[in-house]
Amino acid sequence: MEAATTALGDADFATPVEDRWFEDYVPGEVYAYGSITVTEEEILRFAGEFDPQSIHSDPRAAAEGPFGGLIASGWHTCGIMMRLYADHYVSAVASLASPGIDELRWVRPVRPGDTLSLRTTVKEARPSRSKPDRGIVRTAIEVFDQRGDTVLTMTAINILRCRPAVDASRR
């Protein structure tokens, strides 16, 4: 899997992922990142280790199956999404955890040779009610193949630290 990825288009955060805090996630902002090309070898390796259904692990059986050929496990597609998300979107300094995801859908199969990219839309960014040093960000995620077809959608929820206050005595 090619993991050297980049921002796509002109829109990106004003701050790099290494210095991004809760306050940098503005509702309505849209960002796109990519790309990762999926190989047959990677599909087979992932399936062999984590999801050994024949549509993912046996090219001959998959050819006779409902998709007419080998497809990546949806969990493999989630892993690729996470690579793009972690490399470019979620803060490297402020991310504390994720309580989960909502509405995960595998819309279309991912096949060997497909090149995937990520689009994120900040849906909500609200301060924590119980812990003032952090906030909760809800992000709509879409993963597209090289044709622009949607292959995965979900909503991610992340807990992020707020930007530390600047100590006036240090200025």
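For the atom pair OG1 of T120 and CE of M81, the computed distance is 11.0 Å after rounding to the nearest 0.5 Å. Annotation: the span from I141 atom CD1 to C78 atom SG amounts to 9.0 Å, rounded to 0.5 Å. Here the NE2-CZ distance, from H88 to F13, works out to 12.0 Å after rounding to the nearest 0.5 Å. Interatomic distance, Y31 OH to T139 OG1, rounded to the nearest 0.5 Å: 10.0 Å. Atom CG of L116 sits about 11.5 Å away from atom CG of D149, to the nearest 0.5 Å. Here the CD atom belonging to E41 is positioned 11.0 Å from the CD1 atom belonging to I43, to the nearest 0.5 angstrom.
Using a distance-only test at 3.5 Å, with no hydrogens or angles considered, a donor-acceptor pair links the side chain of S91 to the main chain of V93. In terms of modelled atom types and a separation under 3.5 Å, the side chain of W106 and the main chain of L152 share no donor-acceptor contact. Side-chain atoms of D19 do not come within 3.5 Å of backbone N or O of P16 as any donor-acceptor pair. Remark: side-chain polar atoms of S98 are paired, donor with acceptor, to backbone N or O of I157 under 3.5 angstrom. Using a distance-only test at 3.5 Å, with no hydrogens or angles considered, no donor-acceptor pair links the side chain of R20 to the main chain of A14.
For the pair Y85 and A156, the tightest heavy-atom approach, listed with the atom from each and the gap, is OH-CB, 3.4 Å. Listed here is the closest heavy atom pair of L84 and G34: CD2-CA, 3.8 Å. For the pair R161 and W21, the tightest heavy-atom approach, listed with the atom from each and the gap, is O-CE3, 3.6 Å. Contact record, D51 with S73: OD2-OG, 2.7 Å, taken as the closest heavy-atom pair. In this structure, T150 and R108 approach most closely via the heavy-atom pair O-NH1, 3.1 Å. When all heavy atoms of I159 and R134 are compared, the pair lying nearest together is CG2-CD, 3.8 Å.
By the 4.0 Å N-to-carboxylate-O rule, K131 lies too far from D133 to be salt-bridged with it. Under the 4.0 Å criterion applied to side-chain N and carboxylate O atoms, D58 and R60 are not assigned as salt-bridge partners. R45 has no carboxylate O lying under 4.0 Å from a charged side-chain N of E49, or vice versa, which leaves the two without a salt bridge. A salt bridge links R163 with D24: at least one charged nitrogen is closer than 4.0 Å to a carboxylate oxygen.
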Verdict with reasoning, F67 to R111, per side chain to side chain contact (heavy atoms under 4.5 Å, CB included): CA-CA 10 Å; F67 299 99; R111 299 180 183 279; 3.8 Å; yes
Please assess V107 against T153 for the test side chain to side chain contact (heavy atoms under 4.5 Å, CB included), listing each intermediate value before the final yes or no. CA-CA 7 Å; V107 181; T153 62; 4.2 Å; yes
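No path of Ile, Leu, Val, Met, Phe, Trp and Tyr side chains, each step under 4.5 Å between heavy atoms, connects I36 with V17, placing them in separate hydrophobic clusters. In terms of hydrophobic clustering, with Ile, Leu, Val, Met, Phe, Trp and Tyr side chains grouped at heavy-atom distances under 4.5 Å, M154 and I136 are assigned to different clusters. Note: the hydrophobic cluster containing V30 does not contain L118 (ILVMFWY, side chain heavy atoms under 4.5 Å, direct or indirect links). No continuous path of hydrophobic side-chain contacts links V151 to I71 [ILVMFWY only; heavy atoms under 4.5 Å]. Both V137 and M82 sit in one connected hydrophobic cluster of ILVMFWY residues. Membership requires side-chain heavy atoms under 4.5 Å apart, directly or through other members.
At least one side-chain heavy atom of Q146 sits less than 4.5 Å from a side-chain heavy atom of D114. For the pair V38/H76, a side-chain contact is recorded, criterion being any heavy-atom separation below 4.5 Å from C-beta on. You'll find the side chain of C162 reaches within 4.5 Å of the side chain of E23, heavy atoms only. Residues P112 and T39 are not in side-chain contact: their nearest non-hydrogen atoms beyond the backbone lie 4.5 Å or more apart.
Ring centers of Y25 and Y89: under 6.0 Å apart, within the cut-off.
Below 30°, between 30° and 60°, or above 60°: for F50 and F46 the angle between ring planes is between 30° and 60°, a tilted geometry.
Counting non-hydrogen atoms of neighbouring residues, nucleotides and ligands closer than 6.0 angstrom, the CZ atom of R129 reaches no more than 12 such neighbours. Within 6.0 Å of atom CD in E64, 12 or fewer heavy atoms from other residues, nucleotides or ligands are found, so the atom counts as exposed in its surroundings.
Defined by atom type and a distance below 3.5 Å, a donor-acceptor pair is missing between the side-chain atoms of D102 and T155.
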